[in-house]
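Only one structure is covered here, and it is reproduced in the block below.
Values below: every heavy atom of this structure, side chains too, minus hydrogens, waters and symmetry copies.
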Amino acid sequence: MKKAIDENRLPYLRLLSRSFPTIAAASTEIINLEAIMNLPKGTEYFLSDIHGEYEAFQHVMKNASGSVQRKVNEIFGDTLREQEKHDLCTLIYYPRERLEMIKPNEKNLPEWYMVTLIQLVKICQSVSSKYTRSKVRKALPEEFSYIIQELMHESLNDPNKQAYIKVILTTIININRADEFIVALSEVIQRLIIDSLHIVGDIYDRGPGAHIIMDTLMNYHDVDIEWGNHDILWMGAACGNESCIANVIRICMRYGNLTTLEDGYGINLLPLATFAMDVYGDDPCTVFQPKLKFADVKYSDKNAQLIAKMQKAISIIQFKLEAAIIARHKEYNMDDRNLIHYIDFEKGVLKINGQEYAMLDMNFPTVNQSDPYTLTPEETELMTKLRHSFTNSERLHKHMRFFFSNGSMYRVQNGNLMFHASIPMNEDGSFKMVTIGNQQFSGKTLLDEVDRLARVAYFTTGDAEEQLFALDYMWYLWCGTDAAPFDKSKMATFERYFVAEKELHKEIKGHYYTLRENEEICTKILDEFGVTGENRHIINGHVPVKTIKGENPIKANGKMFVIDGGFSRAYQPETGIAGYTLVFNSQGLQLVQHEPFTSTKRAIEEGLDIKSMRTVVEFNTKRMLVRDTDKGRQLASEIEELRELLTAYQYGLIPERK
């Protein structure tokens with residue numbers, strides 16, 4: 001019988017015995033893990049392309065894409081009026097703020113406290129039912145942990161316990177702790193209703209609060225991020241890539257988003273403002289007027305004009321900096337992106353593709369026509385200062401380190417393959433070979449190499465040549481033809497600013513974006529990444545789904561979900577909605593479509609919720625358990641190891657320890 005255990009396994013089992021030193025301890029853990037395996041699968045949420053819209057994002061997190069409202073309806077049904085259920089939901093979303101509004105107007109506050117506390121306890125009991133007591137306990141605030149556990153695990157309908165529960169709640173009210181207890185219960189509900197959160201790229205740019213979203217995510221209990229092209233641009237800027245820095249600032253200027261730069265990360269924009277006023281003081285900068293319609297701040301005409309000058313200044317610098325990277329890397333095949341030298345300064349036209357296009361702006365005081373891509377000394381000095389701001393921003397680097405520790409180019413979990421944009425492909429459906437340095441990569445190996453290079457760019461300090469190569473590649477990932485997070489023929493920034501003709505603005509998407517409509521292609525990609533299971537899916541963002549024109553986010557016969565529905569207000573006229581949430585729970589997959597969010601202020605004061613429409617995409621006839629998930633497979637492996645340890649104890653191969 002002693003031969004039943006491979007002797008090579010004994011060293012590992014001895015290490016395991018340190019955590020479970022007796023037969024009783026190992027047996028208890030086996031029983032515990034087997035029980036967990038038979039609980040319903042936790043609820044996963046998938047969001048993408050949040051683009052700095054922190055108010056809408058935070059509200060979706062608080063209301064769990066309508067799940068809190070559904071839970072309230074399930075529990076209270078017709079026993080509460082619609083307005084009462086609505087008010088209860090708003091209290092759960094914003095407990096502190098709502099309490100400040102309710103208390104001055106409530107005639108019998110102790111009675112209201114009692115009724116509300118009982119309602120919240122019932123909701124807590126419901127949302128915690130799929131978790132172990134241990135997991136629930138870890139989610140509870142330390143201050144009220146014991147009391148909440150007592151209330152959650154006692155039946156409010158049991159006559160023998162009613163007096164006990166009533167005394168607990170009455171005492172909480174009498175000692176003036178009801179407010180804090182309501183806040184604690186509301187936060188527990190928010191915490192337990194979403195088990196894990198997946199952000200499928202693009203937290204940054206356009207909206208004003210990417211830094212606030214990042215703070216929220218850093219405090220979230222279980223989150224991962226699949227890097228989007230806008231995220232990678234900020235990662236490159238944090239690494240010190242000046243082209244990425246210039247792009248980041250230009251986009252912020254374009255959307256009037258100085259909040260993220262200045263208030264969020266302490267980036268000093270005064271040198272840029274001073275430079276822009278000196279160089280472009282009399283220039284109306286007409287084509288660089290910021291898109292202030294969706295800006296969070298109301299700017300005066302004078303300030304808007306200054307932002308336009310700053311946008312022009314950093315844009316010209318950007319084109320020069322990018323030309324230097326393109327010159328260093330002929331393998332990028334991006335010479336066609338250097339367009340300044342095609343300007344005929346006498347005729348005021350852009351000569352390209354054998355045609356002449358009238359320039360919308362011909363004021364280039366910092367461009368030397370004989371050497372158009374060299375920075376002036378003043379531009380060089382400005383970029384040195386801006387680079388210093390980015391590389392020394394403590395909060396920015398705290399967020400970037402979180403990006404690296406909790407993020408990656410792609411993720412496979414529970415039969416779902418998540419990546420932000422694309423896998424470069426050829427027209428025939430084969431994976432495109434992409435040259436990086438002197439090697440070629442495709443499919444999964446391409447994304448693995450890109451992931452590695454991003455980490456080299458941020459963390460490498462020894463090999464200067466390798467780090468410079470990786471730093472340059474961070475910019476390529478933002479706008480390169482064969483870059484998986486982008487995958488278009490070009491990024492037509494220069495043409496969109498300076499030429500009116502739409503034909504030059506067109507950015508042709510890579511073959512992936514057409515091929516992903518094909519179920520066989522999606523199956524091929526899932527196989528490439530080793531995704532297994534009966535129901536497998538690819539989850540993308542990046543390209544806004546034009547719902548307003550009838551486009552369906554569900555593609556390839558249910559194998560593909562594109563969940564960029566327009567969280568960004570700038571995209572909502574294009575999509576017709578305000579974002580998607582994909583919800584994966586024990587009963588199946590549901591796609592939640594959101595209408596635009598007004599504001600947190602109105603949500604608190606008027607109880608305005610985000611209206612959401614929920615569509616069942618896949619329904620499991622048999623409820624999915626933890627044992628059916630990746631976590632379940634991991635637990636099954638741990639159980640087998642514990643059974644081995646148990647056998648080793650039973651046959652004296654490893655002695656028990658007290």
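With 3.5 Å as the limit, one finds a donor-acceptor pair spanning the side chains of D215 and H399. Donor-acceptor pairing under 3.5 Å is lacking for the side chains of H51 and Y571. Side-chain contact of Y476 with E331: a donor-acceptor pair under 3.5 Å is absent, judged by distance alone. Between the side chains of T259 and D263, not a single donor N or O lies within less than 3.5 Å of an accepting N or O. Side-chain N/O atoms of T43 and K130 include a donor and acceptor closer than 3.5 Å.
Between the side chain of D224 and the main chain of H198, no donor-acceptor pair closer than 3.5 Å is present. No side-chain donor-acceptor contact under 3.5 Å links T435 to the backbone of Q440. With hydrogens and angles ignored, the 3.5 Å screen pairs a side-chain donor or acceptor of S405 with a backbone N or O of R401. Panel note: side chain R614, backbone Q590; no donor-acceptor pair is recorded below 3.5 Å. D451 contributes no side-chain N or O that, together with a main-chain N or O of L447, makes up a donor-acceptor pair within less than 3.5 Å. Side-chain atoms of N585 come within 3.5 Å of backbone atoms of Q587 as a donor-acceptor pair (strictly under, hydrogens ignored). Listed for the T575 side chain is no donor-acceptor partner under 3.5 Å among the backbone atoms of P544. Side chain of N414 to main chain of D630: a donor-acceptor pair is present (N/O by atom type, distance under 3.5 Å, no hydrogens or angles). Panel note: side chain R516, backbone A556; no donor-acceptor pair is recorded below 3.5 Å. No donor-acceptor distance shorter than 3.5 angstrom exists from the side chain of S637 to the backbone of R633, with no hydrogens or angles considered.
Closest heavy-atom contact between Q593 and I577: NE2-CG2, 3.4 Å. Nearest heavy atom pair, residue T391 against residue G240, reads CG2-CA, 3.7 Å. The minimum heavy-atom distance linking A492 with E507 is given by the pair N-OE2, 2.9 Å. Taking each heavy atom of Y131 and L192 in turn, the nearest pair found is OH-O, 2.7 Å. Heavy atoms only, all atoms of each residue included: T260 and P208 are closest at OG1-O, 3.0 Å. For the pair M61 and I194, the tightest heavy-atom approach, listed with the atom from each and the gap, is O-CD1, 4.1 Å.
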Begin from the C-alpha positions of T581 and H594 and carry the test side-chain hydrogen bond (donor to acceptor under 3.5 Å, both in side chains) through to its verdict. CA-CA 8 Å; T581 305; H594 306 297; 2.6 Å; yes

Run the side-chain hydrogen bond (donor to acceptor under 3.5 Å, both in side chains) test on T481 and R337 for me, step by step, so that the C-alpha distance in whole Å, both residues' side-chain angles and the decisive distance to 0.1 Å come before the verdict. CA-CA 11 Å; T481 303; R337 293 296 79 219; over 6 Å; no

ring-ring contact (aromatic ring centres under 6.0 Å, His included) between H211 and Y54, worked out: CA-CA 9 Å; H211 54 293; Y54 72 97; 7.4 Å; no

Could you check D482 against K432 for salt bridge (charged side-chain N to carboxylate O under 4.0 Å, His left out), going step by step and ending with a plain yes or no? CA-CA 9 Å; D482 291 333; K432 189 173 186 178; 2.7 Å; yes

Set out, in order, the CA-CA distance, both residues' side-chain angles and the distance that settles ring-ring contact (aromatic ring centres under 6.0 Å, His included) for F404 and H397, then state yes or no. CA-CA 10 Å; F404 283 105; H397 285 276; over 10 Å; no

For I423 and L446, what are the C-alpha separation, side-chain angles and deciding distance, and is it a side-chain contact (heavy atoms from CB on, under 4.5 Å)? CA-CA 8 Å; I423 307 293; L446 173 61; 5.8 Å; no

Could you walk me through whether E322 and Y373 pass the side-chain contact (heavy atoms from CB on, under 4.5 Å) test, one step at a time? CA-CA 9 Å; E322 290 176 339; Y373 299 109; over 6 Å; no

Check against side-chain contact (heavy atoms from CB on, under 4.5 Å), S67 and Y45: CA-CA 11 Å; S67 293; Y45 274 63; 2.6 Å; yes

Stepwise side-chain contact (heavy atoms from CB on, under 4.5 Å) check, I199 with F57: CA-CA 11 Å; I199 305 295; F57 168 75; 4.2 Å; yes

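V583 has its side chain within reach of V592: a pair of non-hydrogen atoms, C-beta onward, lies under 4.5 Å apart. Residues N416 and Q413 are not in side-chain contact: their nearest non-hydrogen atoms beyond the backbone lie 4.5 Å or more apart. When side chains are defined from C-beta on, Y473 counts as touching V450, because their heavy atoms get closer than 4.5 Å. Looking at I203 and W234, their side chains never come closer than 4.5 Å, going by heavy atoms from C-beta outward. Side-chain contact between L339 and F319: absent, with no pair of heavy atoms (C-beta onward) separated by less than 4.5 Å. Counting only heavy atoms from C-beta outward, the side chains of L642 and L33 approach each other to under 4.5 Å. Looking at N241 and W478, their side chains never come closer than 4.5 Å, going by heavy atoms from C-beta outward. Under the 4.5 Å side-chain criterion, counting only non-hydrogen atoms from C-beta, F390 is in contact with I267.
Using a 30° and 60° split on the angle between ring planes, H542 and H420 fall in the perpendicular class, above 60°.
Residues in residues 190-213 take part in these salt bridge (charged side-chain N to carboxylate O under 4.0 Å, His left out) pairs, two or more places apart or across chains: K135-D195. Counting only residues at least two apart or on different chains, the salt bridge (charged side-chain N to carboxylate O under 4.0 Å, His left out) pairs with a member in residues 47-67 are E53-R569.
Considering N406, I50, L197 in turn, L197 is the only one that fulfils the side chain to side chain contact (heavy atoms under 4.5 Å, CB included) rule with L217. When F419, F561, F529, F46 are each tested for a ring pair (Phe, Tyr, Trp, His ring centres under 6.0 Å) with H537, only one passes: F561.
To the nearest 0.5 angstrom, T514 atom OG1 is 11.0 Å from I521 atom CD1. Taken from CG in N392 to CZ in R387, the straight-line distance is 9.0 Å, to the nearest 0.5 Å. For the atom pair CG of D487 and CG of L477, the computed distance is 12.0 Å after rounding to the nearest 0.5 Å. Here the OH atom belonging to Y497 is positioned 9.5 Å from the CD1 atom belonging to I316, to the nearest 0.5 angstrom.
In this structure, K524 satisfies the cation-pi test against F431, with its NZ or CZ atom closer than 6.0 Å to the six-membered ring centre and inside 45 degrees of the ring normal. Judged by a 6.0 Å distance limit and a 45° cone about the ring axis, K488 is not positioned over the six-membered ring of Y513.
The neighbour count for H505 NE2, taken as heavy atoms of other residues, nucleotides or ligands under 6.0 Å away, is above 12. Under a cut-off of 6.0 angstrom, the local environment of CD in E517 is crowded, with over 12 non-hydrogen atoms contributed by other residues, nucleotides or ligands.
Checked for salt-bridge contact, D448 and R452 miss the test: no charged N lies under 4.0 Å from a carboxylate O. Ion pairing of D472 with R328 is present here, as a side-chain N (NZ or NE/NH1/NH2) and a carboxylate O approach within less than 4.0 Å.
With sequence neighbours excluded, the residues forming a side-chain contact (heavy atoms from CB on, under 4.5 Å) with K546 are K549, E551, E574, listed by chain and number.
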